[in-house]
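Working notes, structure below.
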Amino acid sequence: MLKYLIVLVTFSFILISCGDKNNEPEKTLTDKEKYSFDSTDLKTDGIDNSGKPFLMEYKFKKGEKIVYRLTTISNNTQTITMDTTISTGVSQKIIYLIDLVVKEVDEDGSAEAEIKINSIKLEASANGQTFNFEAGKDVDSAKTHQFAEYQSLYNNPFSARFNKKGDVLEVFKADKISNKFLELKGAADTISANDRNSIRQDLINGVLSPLLSQIVRKVSDKEVYKDSSWQIQQAPIPLMVYQINYTNTYKLESVEKLNDNRVAVIDAGIDFRYSGQSKVNQGNVIYTFQKPISTAEGKIYFDVDKGVQIKSRTKTRLEISYTMEANTPQGKQKGARRDVITNTNILELL
C-alpha cells in the first residue's frame, strides 16, 4: 500500500465561474498565484430574489476545461502521559492545481473527463523538523524517492466518469501514476502483477477518488431553494475499536448572484454515530477508550446556471483519547493518550 510521508491519522471526512472558456487564451499563473489560496467567503453580487426552486446539476460540456486549486491542511497534536507527559505535533499543507477536461457527455448528462494534476507543493513539519517538496522542480533522486506518492501524481493524467448529480461512477486509466510510483520506489521490475494491481487500486481508493470528491460533490436529487435541507448517508468506516456511521448534512443558506448567475450557498456538516466496545484487553494491558468527539463544518458555493462548483471550504475535527492500565513486575502502571486531528480542505475555481 502507498506509504505517506507523515501519517497524521488515516481519518478524514469529505463534506460532501467556469463557463465557455475554450475561445479564451489560457492564463499562465506565477508561482505566487499558483500557491496563494483564499479561505475567505466568496464575494457575490447580492441576493437572488426570484424565489424559484431549482435542481442542482452538473452541466459539463464536451471540450470544456476547468482548473481548480485544492488546498489540504492537516494538523495532529498528540499527548502521552505516563510517568511524564510528552506532547508532539505534526502539520502538513499540500496545494494541488488540477485540470479537468471534459472528453464526452452522454445524453443523460453523465460525463467522462481527463484529470491532470499539474502542480503539487507540500510543506510539513514534525516535532521541529520541516519538509518541503514541489513536484517537477525538486528533481533530486533522493527527494523524488522520498516524495514518490506526490511526484507520481504530477503531470500523469487519469480519467473518471460521473453523473450530473455528482456521483463518481468510475476512476480509470491510473496505470501511469502507479507505474511511476513503483519506478521512483525502485520496485518496478520486482513487483508481482497482483501487487501492481493492488497498488493501483489503493491509489484510486485512497488518493484519486478523495481528490475527485472535492471537485465533483454529490448534490440533492430534489428541487431546492433557500432553507432547503438534505442528507446523504455514507458507508460506515472503522476507527480503532469503534465503527463510525455518519451522514453528510446540507442546508441551503441562501441563493445569491454572481455575474448574473444564481449561486447556491450551502452550509455543510456531518452527523456522527459511534458504536463499539470501549474496553479492550491485549495481553496484560487494558485499554479504555472514550467515545470520540467529532465536529464538522463547511460552506459550498455551487453555480446553479453553469452547473459547477466554484468554491468550498470544509473542516473536520476529531478528538480521540484512551487510558492504559497494565500489571507489570514493578506493579500496576497507568497511562493515557489524547490525539486531536483537524483537516481543512479549500477548493477554488481558477
Side-chain angles (χ1 to χ4, degrees), residues 1-14 72-94 122-133 142-143 145-150 185-187 191 195 198-199 202 205-207 210 234-246 270-297 315-344:
M1 293 180 66
L2 295 177
K3 303 296 182 183
Y4 290 89
L5 164 69
I6 297 174
V7 179
L8 294 171
V9 166
T10 55
F11 173 89
S12 65
F13 294 104
I14 299 168
T72 67
I73 303 169
S74 303
N75 292 281
N76 180 12
T77 57
Q78 181 185 103
T79 303
I80 298 176
T81 303
M82 301 292 283
D83 294 332
T84 59
T85 298
I86 301 174
S87 295
T88 58
V90 178
S91 64
Q92 179 174 279
K93 179 176 71 178
I94 311 173
L122 175 146
E123 298 173 0
S125 64
N127 306 320
Q129 186 175 6
T130 60
F131 305 86
N132 294 280
F133 178 74
K143 208 164 188 181
H145 179 274
Q146 180 184 9
F147 296 96
E149 358 357 282
Y150 303 107
K185 286 297 188 182
I191 194 167
D195 286 344
S198 294
I199 286 175
D202 286 344
N205 295 338
V207 179
Q234 302 293 337
I237 59 174
L239 174 66
M240 294 187 172
V241 297
Y242 293 101
Q243 176 174 283
I244 309 172
N245 295 281
Y246 70 103
I270 299 177
D271 181 25
F272 296 94
R273 295 286 186 271
Y274 292 93
S275 60
Q277 298 296 321
S278 60
K279 281 198 174 185
V280 175
N281 294 343
Q282 266 189 3
N284 66 336
V285 183
I286 300 173
Y287 296 89
T288 303
F289 291 83
Q290 283 70 53
K291 188 168 288 189
I293 301 171
S294 308
T295 58
E297 61 181 350
K315 181 178 181 179
T316 59
R317 182 184 184 277
L318 170 69
E319 183 176 332
I320 307 168
S321 57
Y322 58 91
T323 59
M324 304 157 279
E325 187 174 300
N327 291 315
T328 71
Q330 291 74 36
K332 184 172 289 188
Q333 293 190 345
K334 296 182 179 181
R337 173 171 167 171
R338 177 176 176 266
D339 287 83
V340 177
I341 306 104
T342 61
N343 291 286
T344 302

*State, without any angle test, whether N132 and E123 hold a side-chain donor-acceptor pair at a distance under 3.5 Å.*
no
_If you count every heavy atom of other residues, nucleotides or ligands that lies below 6.0 Å from D83 atom CG, does the total exceed 12?_
no
Testing the basics here: between [X] and [Y], what is the closest heavy-atom pair and its distance to 0.1 Å?
| X | Y | value |
| --- | --- | --- |
| K185 | H145 | NZ-O, 3.1 Å |
| F272 | I244 | CD2-CG2, 4.2 Å |
| P210 | N205 | CD-O, 3.3 Å |
| M82 | G335 | SD-CA, 3.5 Å |

Test item: [X] and [Y] side chains (from C-beta on) under 4.5 Å apart, heavy atoms:
| X | Y | answer |
| --- | --- | --- |
| Q290 | R338 | no |
| Q146 | F131 | yes |
| L239 | P292 | yes |
| V241 | Q277 | no |
| T316 | L318 | no |
| I94 | Y150 | yes |
| T79 | T85 | yes |
| K334 | T323 | no |

Gap separating the [atom1] atom of [X] from the [atom2] atom of [Y], nearest 0.5 angstrom:
| X | Y | atom1 | atom2 | answer |
| --- | --- | --- | --- | --- |
| I293 | E319 | CD1 | CD | 4.0 Å |
| Y242 | R273 | OH | CZ | 15.0 Å |
| D202 | D195 | CG | CG | 10.0 Å |
| K93 | T344 | NZ | OG1 | 12.0 Å |
| S125 | N75 | OG | CG | 8.0 Å |
| S294 | Y274 | OG | OH | 2.0 Å |

*Please lay out, stage by stage, how V90 and T88 fare under the test side chain to side chain contact (heavy atoms under 4.5 Å, CB included).*
CA-CA 7 Å; V90 178; T88 58; 5.9 Å; no
Would you say [X]'s side chain and [Y]'s backbone share a donor-acceptor pair under 3.5 angstrom?
| X | Y | answer |
| --- | --- | --- |
| K332 | A326 | no |
| D339 | I320 | no |
| T328 | G331 | yes |

